[in-house]
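Below is one structure; the comments refer to it alone.
The sequence lines fix the lettering, A, B, ..., with proteins before strands; numbering per chain opens at 1.
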Protein chains: 2
Amino acid sequence: MLEQLTERQRKVYLFIRDLIHNRGYGPTVREIGEEFEIASPNGVMCHLRALERKGLIRRSKREARAIELLGDTGPESLEGLPLAGRVAAGVMHEAIEQDKRIDFTSLFQRPGCFVLEISGDSMIEAQIADGDFAVVDPNRKAVSGDIVVAQTDEGNATMKYWFPEKDHVRLQPANSTMEPMYVRDVQALGVVVGVVRRMS
Amino acid sequence: MLEQLTERQRKVYLFIRDLIHNRGYGPTVREIGEEFEIASPNGVMCHLRALERKGLIRRSKREARAIELLGDTGPESLEGLPLAGRVAAGVMHEAIEQDKRIDFTSLFQRPGCFVLEISGDSMIEAQIADGDFAVVDPNRKAVSGDIVVAQTDEGNATMKYWFPEKDHVRLQPANSTMEPMYVRDVQALGVVVGVVRRMS
DNA sequence: TATACTTAAGAACAGATGTGCGTCGTCGTG
DNA sequence: CACGACGACGCACATCTGTTCTTAAGTATA
């Protein structure tokens with residue numbers, strides 16, 4: 001991504017990036033000029049425009065230090081947990097391979113996602129138990145068979161299987177002792193994309 | 001560290017923190033005022049002074065958005081997903097409270113922990129399904145009833161309930177169609193402390 | 001009850017800041 | 001040579017922004 005930049009633009013970008021990471025907030029136009037001995041603010045503007053045009057940064061108009069880094073996953077750190085392998089079928093690896101890692105947070109970190117704590121056993125047969133945390137993606141259209149968080153017009157929210165039928169929606173619990181709900185005015189607040197359980 | 005803050009100060013701090021981490025740059029004094037409906041910039045200054053005095057932030061004088069977060073170990077600590085509330089029992093909160101967050105990675109980040117991918121349905125009645133990820137803590141002594149990853153002397157690893165009995169251990173699957181194993185030479189590689197499932 | 005702290009309004013000001021206009025020089029390309 | 005890019009200067013302007021001062025209500029503390 002940085003290849004299409006000129007050398008000067010690259011250095012400016014790296015300067016901004018380092019400042020944001022190390023100092024916590026970005027530079028002003030004139031601060032950049034000071035660093036690179038560019039006397040005119042407009043000289044810097046030229047670079048910022050180029051960086052924005054090439055998709056490396058985003059800026060808010062007329063706002064101080066409002067430089068947002070795009071496509072920047074932050075300082076590389078070994079986050080997550082080591083992924084050891086598969087169990088119950090094969091042989092354990094003697095040593096845990098440290099190079100394969102899994103980061104649960106980034107696994108679910110999509111814009112808008114949020115977490116709900118599950119209450120009750122209505123989804124028990126879908127392996128979602130009381131006390132589990134469900135990751136919900138509100139930016140996703142529910143399709144038939146999805147597990148969704150649905151909200152009826154009374155304001156009650158509930159987690160069920162989502163089955164649109166004719167002029168209503170069947171909200172089916174994953175619990176054979178419970179009956180499905182048939183509702184007309186209902187919306188899916190989001191689709192359940194993950195489940196996290198903490199034991200101990 | 002946040003205990004010595006008033007409720008108002010805490011919320012202001014969290015607002016700043018979230019903005020820096022999600023948007024990439026911090027707010028101006030008046031932006032904070034807008035968020036909390038504080039009409040006067042000085043009302044906000046008051047909070048910023050308090051936060052600086054209590055050591056949560058550092059500011060550069062007379063510089064826009066020059067708020068530096070202190071005692072913040074970087075993006076990893078502020079990652080996580082907003083925790084919205086409980087579902088299936090009550091009413092959804094209209095707005096998701098941004099200040100309550102849950103970070104799955106740090107939730108399980110204990111020294112030595114590792115992750116295994118589950119294969120098979122032997123623990124299905126414990127709501128652990130094929131393809132799930134199990135977080136295993138090897139530094140924890142298994143007690144009767146724990147779900148453990150057990151390794152027999154042949155080198156096979158398997159996930160089962162752990163029931164020590166007399167001169168052997170009963171390894172009980174959570175699947176009524178399967179039979180328990182009775183083994184003598186077995187050790188628990190670790191106790192399952194978490195389960196993570198990714199759907200979609 | 002008196003004191004201190006927190007929270008906030010309103011007004012005013014100096015300086016910081018982003019932005020636009022015009023101009024200029026250099027370099028590589030056709 | 002002309003042309004377009006990149007890089008930069010200088011200037012000017014409108015806001016944005018931090019800051020300070022004064023006042024004041026509410027709350028907790030001693």
> Given atom CD of B/Glu37 and atom C1' of C/dA9, what is their separation to the nearest angstrom?
Replying inline: 14 Å

>> What contact category does B/Glu31 fall into here, base, sugar-phosphate, or nothing, at under 4.0 angstrom with non-hydrogen atoms?
In response: nothing

> Can you check the B/Arg53 CZ to C/dT7 P distance for me, whole Å?
Replying inline: 10 Å

Please list, pair by pair, any protein nitrogen or oxygen found under 3.5 Å from a nitrogen or oxygen in nucleotides 19-22 of chain C.
residue	atom	partner	partner atom	Å
C/dT19	OP1	A/Arg62	N	3.0
C/dT19	OP2	A/Arg59	NH1	2.9
C/dT19	OP2	A/Arg59	NH2	3.3
C/dC21	N4	A/Asn42	ND2	2.6
C/dG22	O6	A/Asn42	ND2	3.3

>> I want to check one thing: is the phosphate of C/dT6, taken as OP1 and OP2, less than 4.0 Å away from some side-chain N or O of B/His47?
In response: no

> When the distance from CD1 of B/Ile38 to P of D/dG26 is rounded to whole Å, what number comes out?
Replying inline: 17 Å

>> Can a donor-acceptor pair be found, under 3.5 Å and without considering hydrogens, that links the side chain of A/Asp130 to the backbone of A/Gly120?
In response: yes

> Does a nitrogen or oxygen in the side chain of B/Thr6 sit under 4.0 Å from OP1 or OP2 of C/dC5?
Replying inline: no

> When you measure from the centre of the six-membered ring of A/Phe163, is the NZ or CZ of A/Arg170 under 6.0 Å away and within 45° of the axis?
Replying inline: yes

> Around atom CD of B/Glu34, are there more than 12 heavy atoms of other residues, nucleotides or ligands at under 6.0 Å?
Replying inline: no

>> Before you tell me yes or no, could you show the steps for A/Arg30 and A/Glu35 under salt bridge (Lys or Arg N to Asp or Glu O under 4.0 Å), namely the whole-Å CA-CA distance, both residues' side-chain angles and the distance that decides it to 0.1 Å?
In response: CA-CA 9 Å; A/Arg30 285 170 179 82; A/Glu35 172 73 15; over 6 Å; no

> Expressed in angstrom and rounded to an integer, what is the separation of B/Glu52 atom CD from D/dG18 atom C1'?
Replying inline: 13 Å

> For DNA chain C, whose closest nucleotide is more 5', that of B/Ala50 or that of A/Ala64?
Replying inline: B/Ala50

>> Would the distance check show the side chain of A/Arg65 and the main-chain N or O of A/Gly26 forming a donor-acceptor pair, the cut-off being under 3.5 Å?
In response: yes

> Once you round it to whole Å, what is the distance between P of C/dA8 and CD of B/Glu34?
Replying inline: 15 Å

>> Under 4.0 Å from OP1 or OP2 of D/dC16: is there any side-chain N or O of A/Arg65 that close?
In response: no

>> Applying a strict under-4.5 Å side-chain criterion to I, L, V, M, F, W and Y, I'd like to know whether B/Tyr25 and B/Ile20 cluster together.
In response: no

> Counting distance only, does the side-chain N/O of A/Asp18 pair as donor-acceptor with the main-chain N or O of A/Phe15 below 3.5 Å?
Replying inline: no

>> If I take atom CD1 in residue A/Ile32 and atom P in nucleotide D/dG7, what distance separates them, rounded to the nearest angstrom?
In response: 14 Å

> Taking atom P of D/dG18 as reference, at what distance in whole Å does atom CG of B/Leu51 sit?
Replying inline: 14 Å

>> Rounding to an integer number of Å, can you tell me how far A/Glu68 CD sits from C/dG18 P?
In response: 16 Å

